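Note that ligands are numbered from 1 as they come in the structure, with each ligand's atoms numbered from 1 the same way. Small disclaimer: the values here were computed from a predicted structure and weren't measured. Along the sequence shown, residues are numbered consecutively beginning with 1.
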Amino acid sequence: MKKIQISPSILSADFSQLGNEIKKLEDSGADMIHVDVMDGHFVPNLTIGPPVIKALKKQSSMIFDVHLMISPVHKYIQAFSDAGADIITIHPEATENLESSIIKIKSLNKKAGVSLNPETNVDVITDYLEKIDLVLIMSVNPGFGGQKFMPKVLDKIKKLKKIQEKENYDFDIEIDGGINFENSKQAIQAGANILVSGTTIFKSNNGDIKKNIELLRSK
Ligand code: DX5
Ligand code: ZN
């Protein structure tokens, strides 16, 4: 079984202190940093782009897990790779040709992730599971932090896990949106091995990030 990894979303961090916030996450045992990139078009919210990632990457040796919620995404893959993204995750709906976007990410020696919205079926990516490094299951509709977890997506994780075992694939299964100390256990049980969390990590237990990371990791 894969090790459970925690990928805190900096969407809930203090944006005026991003460098320090990332340092804090690193010191608190985070396995990677989840960066939510939004364009105000694919999702109804705007966040940050490659220059901010580049600046943060200089200050940290952590893995940058970059979740692109932008459309059309293909022409920006190079810029996020150059900025220092280690994992580049895209949504199938945001590219004209999913396969060529995956090939592009892999050609830059980055890990390729594909994300499924709560309403998007696993079938959309079955043909690509052999090639990709990660599947990101959205447990909220993308766009905002602090939303309520949708338990129905756990079935998709179970389905993916079954395919993975049958075909002997090696992709990570990451879950993102509304993760708290209860549903984290359900997600792990279903087969997720990377948990993204913003609100729970930064706001629970009076912002005790180390404790919150430990609690999320525990089964
Ligand atoms: C939503 C983002 C998530 C989200 C996580 O579009 O992809 O990463 O902000 O934040 P919480 O844990 O607050 O749902
Ligand atoms: Zn995300």
Side-chain angles (χ1 to χ4, degrees), residues 4-15 18 21-22 25 28 30-49 52-53 56 62-71 73 76 80 85-94 105 111-120 132-154 156-157 172-188 192-205 207-209 211-217:
I4 305 302
Q5 295 186 283
I6 307 297
S7 187
S9 165
I10 56 169
L11 201 56
S12 300
D14 178 351
F15 269 34
L18 272 186
E21 295 278 72
I22 286 180
L25 291 169
S28 302
D31 298 283
M32 53 186 92
I33 300 293
H34 188 83
V35 185
D36 286 306
V37 178
M38 305 184 186
D39 66 351
H41 167 71
F42 184 69
V43 290
N45 194 7
L46 268 172
T47 56
I48 59 172
V52 177
I53 293 175
L56 293 171
M62 294 215 85
I63 294 167
F64 275 49
D65 168 31
V66 177
H67 178 192
L68 298 180
M69 287 160 274
I70 63 176
S71 166
V73 68
Y76 294 105
F80 283 98
D86 299 289
I87 304 170
I88 299 180
T89 297
I90 59 175
H91 285 251
E93 298 87 354
I105 297 169
K111 287 196 170 183
V114 178
S115 180
L116 298 181
N117 280 345
E119 304 306 328
T120 308
I132 62 182
D133 300 288
L134 177 149
V135 179
L136 174 58
I137 297 292
M138 290 305 303
S139 36
V140 299
N141 284 313
F144 300 93
Q147 301 184 75
K148 199 168 178 294
F149 179 80
M150 297 178 173
K152 67 173 184 185
V153 306
L154 293 171
K156 278 196 280 192
I157 297 183
D172 288 309
I173 303 178
E174 182 174 38
I175 185 161
D176 183 6
I179 293 292
N180 60 32
F181 302 126
E182 284 80 50
N183 57 36
S184 58
K185 293 179 178 56
Q186 293 169 259
I188 293 169
N193 67 294
I194 305 178
L195 309 182
V196 175
S197 165
T199 309
T200 296
I201 284 182
F202 283 95
K203 312 274 186 239
S204 293
N205 295 307
D208 186 341
I209 292 175
K211 181 174 179 180
N212 295 335
I213 289 177
E214 273 164 23
L215 284 171
L216 283 176
R217 211 193 291 279

Exercise for the section: Answer whether the closest heavy-atom distance between the side chains of L25 and I10 falls below 4.5 Å. Expected result: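 The answer is yes; the side chains approach within 4.5 Å.
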Exercise for the section: Measure the shortest side-chain to side-chain distance between H91 and T120 over non-hydrogen atoms and say whether it is less than 4.5 angstrom. Expected result: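 Side-chain contact under 4.5 Å: no.
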Practice task
Mind checking salt bridge (charged side-chain N to carboxylate O under 4.0 Å, His left out) for D14 and listing every partner two or more places apart, or none if nothing turns up?
Solution key: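 Listed in chain order: nothing, the list is empty.
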Exercise for the section: Decide yes or no on side chain to side chain contact (heavy atoms under 4.5 Å, CB included) for V52 and F15, but give the supporting numbers first. Expected result: CA-CA 11 Å; V52 177; F15 269 34; over 6 Å; no
Handout entry: Heteroatom count (protein N, O or S) under 2.8 Å of the Zn ion (ligand 2)
Key =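 Atoms of protein N, O or S type lying less than 2.8 Å from the Zn ion (ligand 2) total 4.
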Exercise for the section: For the residue pair D36 and H34, confirm or rule out a side-chain donor-acceptor distance under 3.5 Å. Expected result: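 Side-chain D/A pair, D36 to H34: present.
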Exercise for the section: Examine distances only and state if a side-chain atom of T89 and a backbone atom of H67 form a donor-acceptor pair shorter than 3.5 Å. Expected result: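 Here the side-chain-to-backbone pair does not exist.
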Exercise for the section: Would you mind listing every salt bridge (charged side-chain N to carboxylate O under 4.0 Å, His left out) that reaches into residues 174-184, with sequence neighbours excluded? Expected result: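 Output for this query is empty, none listed.
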N/O contact list for ligand 1, threshold under 3.5 Å:
from: ligand 1; atom 1: 6 (O); to: G143; atom 2: N; distance (Å): 2.8
from: ligand 1; atom 1: 7 (O); to: D36; atom 2: OD1; distance (Å): 2.9
from: ligand 1; atom 1: 7 (O); to: H67; atom 2: ND1; distance (Å): 3.3
from: ligand 1; atom 1: 7 (O); to: D176; atom 2: OD2; distance (Å): 2.9
from: ligand 1; atom 1: 8 (O); to: D36; atom 2: OD1; distance (Å): 3.2
from: ligand 1; atom 1: 8 (O); to: D36; atom 2: OD2; distance (Å): 2.7
from: ligand 1; atom 1: 8 (O); to: D176; atom 2: OD1; distance (Å): 2.7
from: ligand 1; atom 1: 8 (O); to: D176; atom 2: OD2; distance (Å): 3.1
from: ligand 1; atom 1: 12 (O); to: G198; atom 2: N; distance (Å): 2.8
from: ligand 1; atom 1: 13 (O); to: G146; atom 2: N; distance (Å): 2.8
from: ligand 1; atom 1: 13 (O); to: T199; atom 2: N; distance (Å): 3.1
from: ligand 1; atom 1: 13 (O); to: T199; atom 2: OG1; distance (Å): 2.4
from: ligand 1; atom 1: 14 (O); to: G178; atom 2: N; distance (Å): 2.8

Handout entry: More than 12 heavy atoms of other groups within 6.0 Å of Y76 OH
Key =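 No, because the 6.0 Å sphere around OH of Y76 holds 12 heavy atoms or fewer from other groups.
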Problem - K156 atom NZ, neighbour heavy-atom count above 12 within 6.0 Å - result: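 Yes - once you tally the heavy atoms of other residues, nucleotides and ligands closer than 6.0 Å, there are more than 12.
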